[in-house]
Amino acid sequence: MKLWKGRFAKASTTSADEFNASIGYDQRLYKEDITGSIAHAKMLGRQGIITRDEADLIIRTLQEILADIEAGKVEFTVESEDIHMNIESILTERIGQAGKKLHTARSRNDQIALDIRLYLRKEIGSIDGKLQALLNTLVNLAEENQETIMPGYTHLQRAQPVTLAYHLLAYYQMFARDRERFADCLVRINRLPLGSGALAGTTYNTDREFLAEELEFDSVLPNGMDAVADRDFALEFLSCCSVTMMHLSRFCEELILWSSVEFSFIEIDDAYSTGSSIMPQKKNPDMAELIRGKSGRVYGDLMALLTICKGLPLAYNKDLQEDKEPVFDAADTLNASLGIFTEMIQTMKIKDENMAEAAKYGYMNATDAADYLVSKGIPFRDCHEIIGRMVLYAITNGKALDELSMEEFREFSPAFEDDIYDHINVRSCIEAKKSEGSTSFSSVARQIADIRGKDRK
Ligand code: ARG
């Protein structure tokens with residue numbers, strides 16, 4: 001039976017009911033919906049808007065309904081449209097008149113705005129836990145790989161040698177900022193819309209401060225029309241999800257490259273790889289590829305909600321019912337991606353000899369050779385030119401820079417002395433970096449110590 005049927009001369013068609021209904025997906029908000037209704041009933045009872053006995057009966061029955069839903073004993077119907085009216089109908093079936101009073105001083109518009117905020121609060125808690133696990137894994141891996149030397153790239157061309165620890169700590173910083181972004185987003189999610197009514201407020205002597213306290217919100221949204229009409233907090237959440245997926249996707253792209261025979265820097269564990277139905281030799285990095293692919297899907301969720309909201313006149317419009325699927329999808333996708341990604345990097349094999357071998361070639365010590373000449377008083381631009389010509393010469397002769405003889409060095413500049421060889425071996429190139437936040441062994445050790453120090457606080 002429809003809760004709003006009074007004004008209608010005619011029943012809606014089954015096709016219209018089906019098209020209109022959100023119960024198929026918003027039923028996962030049952031807990032948030034009941035939590036909100038219990039707080040609302042408590043407030044109505046305290047304020048004398050309904051009697052205390054009625055409030056107690058409503059609350060007790062809502063708790064029973066919650067237990068029944070969790071035990072799989074409740075069937076929702078499309079006729080009752082959404083989770084709000086389904087639960088209210090069940091309540092009224094069970095306790096009659098008192099059940100019909102629950103919706104006093106409330107609209108589904110403030111109710112759904114509350115439910116999504118409660119849901120996002122919970123999801124952010126879960127995402128934060130997974131991000132923390134990922135950060136722990138990254139710092140542990142960095143600690144173990146402080147001596148693992150590899151090429152650092154720009155334009156995917158070998159650029160300067162770095163350590164794997166340094167590379168991993170770059171991701172640590174990105175994911176640490178993702179955590180901050182979610183925490184910041186939570187600040188704006190944690191403001192109470194309930195009590196705004198449909199759009200204009202209500203005529204009852206309600207107590208929104210009490211509701212905020214009861215539901216552990218930091219404050220009450222100061223304008224009811226804003227509270228029911230805007231979904232900017234969900235957009236912020238989706239953009240936080242998108243940025244985190246982008247970070248995961250970049251990392252996955254590297255893992256995919258690194259696990260190719262061409263790189264051979266890592267091997268993804270069998271447990272996180274798949275085979276080919278035709279090519280018996282294949283071992284494919286499907287998890288990493290899927291995460292990379294799913295980043296596109298989460299961006300889609302963000303674009304969907306942005307587009308849903310952009311032309312809506314104030315206040316509530318049914319278009320807003322379309323907010324839920326993108327939000328659920330992004331939260332589920334990010335949660336799953338973070339979980340599998342952390343397991344995958346915990347179990348992958350790092351082929352440190354191959355990384356070190358790759359770091360020997362590609363003239364990645366050219367900048368260090370130029371810096372050597374700078375230390376002899378030659379202006380950097382001239383050094384750049386000299387070393388450039390040397391690299392060309394070395395390439396033509398099939399040698400690395402440190403394989404050139406002293407005579408060859410001196411042909412390019414008389415400033416070169418015997419200590420050039422010590423200067424441009426891979427380890428010295430790394431250790432010579434002095435700037436704060438560099439790849440030098442000591443700087444990376446300090447970065448790890450800082451992270452550990454902060455974690456302990
Ligand atoms: N199922 C609706 C939604 O998700 C709840 C709010 C409906 N409000 C309304 N006035 N029709 O947005």
Side-chain angles (χ1 to χ4, degrees), residues 1-4 21-47 49-127 129 186 189-190 192-196 206-208 210-217 234 321 323-325 327-328 331-332 335:
M1 191 197 56
K2 295 218 168 56
L3 296 177
W4 42 253
S22 53
I23 188 64
Y25 48 85
D26 70 10
Q27 54 181 280
R28 64 191 277 179
L29 295 174
Y30 70 88
K31 202 168 190 168
E32 286 74 18
D33 200 68
I34 289 177
T35 304
S37 288
I38 288 176
H40 182 66
K42 218 183 250 185
M43 185 278 290
L44 293 177
R46 274 170 56 103
Q47 297 299 105
I49 299 169
I50 62 176
T51 68
R52 293 239 176 204
D53 285 350
E54 286 167 336
D56 288 345
L57 179 61
I58 291 172
I59 292 165
R60 231 182 308 122
T61 314
L62 283 171
Q63 281 158 348
E64 284 162 19
I65 295 172
L66 176 64
D68 288 349
I69 294 173
E70 285 182 338
K73 288 191 213 153
V74 172
E75 276 209 20
F76 298 120
T77 67
V78 163
E79 213 208 0
S80 288
E81 193 179 320
D82 56 24
I83 188 62
H84 325 298
M85 292 200 292
N86 265 277
I87 289 176
E88 196 185 321
S89 303
I90 298 164
L91 179 73
T92 303
E93 262 166 44
R94 294 192 183 184
I95 60 174
Q97 292 308 312
K100 292 187 189 167
K101 295 190 177 177
L102 171 64
H103 211 51
T104 317
R106 188 175 70 168
S107 154
R108 277 186 296 154
N109 299 351
D110 55 345
Q111 193 175 353
I112 186 59
L114 171 74
D115 290 4
I116 314 174
R117 284 173 189 265
L118 289 173
Y119 165 81
L120 286 177
R121 213 160 72 171
K122 183 179 75 187
E123 285 303 316
I124 288 178
S126 144
I127 290 167
L186 187 58
I189 286 176
N190 214 22
L192 181 89
L194 191 62
S196 301
T206 52
D207 186 350
R208 296 187 65 206
F210 170 80
L211 287 172
E213 229 169 87
E214 197 62 16
L215 293 165
E216 293 173 26
F217 279 80
Q321 180 163 288
D323 64 353
K324 273 163 270 328
E325 284 172 295
V327 165
F328 294 158
D332 291 346
N335 263 304

(message) What I'd like to find out is whether the side chain of Leu29 reaches to under 4.5 Å of the side chain of Ile112, using heavy atoms alone.
(response) yes
(request) Begin from the C-alpha positions of Leu194 and Met43 and carry the test side-chain contact (heavy atoms from CB on, under 4.5 Å) through to its verdict. (result) CA-CA 11 Å; Leu194 191 62; Met43 185 278 290; over 6 Å; no
(request) Quick one: closest heavy-atom pair of Ala98 and Ile58, and the distance? (result) O-CD1, 3.4 Å
(request) Taking the side chain as every heavy atom from C-beta outward, state whether Ile38 and Leu66 have any pair of such atoms under 4.5 Å apart. (result) no
(request) Determine, for Asp332 against Arg28, whether the closest basic-nitrogen to carboxylate-oxygen distance falls under 4.0 angstrom. (result) yes
(message) Using the side-chain contact (heavy atoms from CB on, under 4.5 Å) definition, which of the options Leu102, Asn86, Leu57 pairs with Leu91?
(response) Leu102
(message) A quick test of your reading: do over 12 heavy atoms of other residues, nucleotides or ligands sit less than 6.0 Å from CD of Gln63?
(response) yes
(message) One thing to verify: whether Glu81 and Arg108 come together as a salt bridge, which I'm taking to mean a side-chain N less than 4.0 angstrom from a carboxylate O.
(response) yes
(message) Taking CD in Glu213 as the centre, count heavy atoms belonging to other residues, nucleotides or ligands within less than 6.0 Å. Is the count above 12?
(response) no
(message) For the CZ atom of Arg117 and the CZ atom of Phe217, what is their distance to the nearest 0.5 Å?
(response) 7.0 Å
(request) Take Glu70 and Tyr30 through the side-chain contact (heavy atoms from CB on, under 4.5 Å) test and state the conclusion after the steps. (result) CA-CA 9 Å; Glu70 285 182 338; Tyr30 70 88; 2.9 Å; yes
(request) Determine the minimum heavy-atom distance between Arg208 and Leu192, stating which atoms define it. (result) NH2-O, 2.9 Å
(message) Listing request: all salt bridge (Lys or Arg N to Asp or Glu O under 4.0 Å) pairs with a residue in residues 84-101, at least two apart in sequence or in separate chains.
(response) Glu54-Lys101, Asp68-Arg94
(request) Say whether Arg106 and Ser37, considering side chains only, have a donor N or O and an acceptor N or O under 3.5 Å apart. (result) yes
(request) Taking His40 for its side chain and Thr104 for its backbone only, find out whether a donor-acceptor pair lies under 3.5 Å. (result) yes
(request) Could you pull out the closest heavy-atom pair between Ile50 and Ala41, with the gap in Å? (result) CD1-O, 4.2 Å
(request) Compare every heavy atom of Tyr119 with every heavy atom of Ala331, then report the nearest pair and how far apart it is. (result) CB-OH, 3.5 Å
(message) Checking Arg121 now: which residues fulfil salt bridge (Lys or Arg N to Asp or Glu O under 4.0 Å) with it, not counting sequence neighbours?
(response) none
(message) Distance check, rounded to the nearest 0.5 Å: Leu62 atom CG versus Ile87 atom CD1?
(response) 7.5 Å
(message) With heavy-atom distances below 4.5 Å as the criterion, would you say the side chains of Ile69 and Ile34 are in contact?
(response) yes
(message) Test of understanding: with salt bridge (Lys or Arg N to Asp or Glu O under 4.0 Å), list the residues that count as partners of Lys122, not counting sequence neighbours.
(response) Glu32
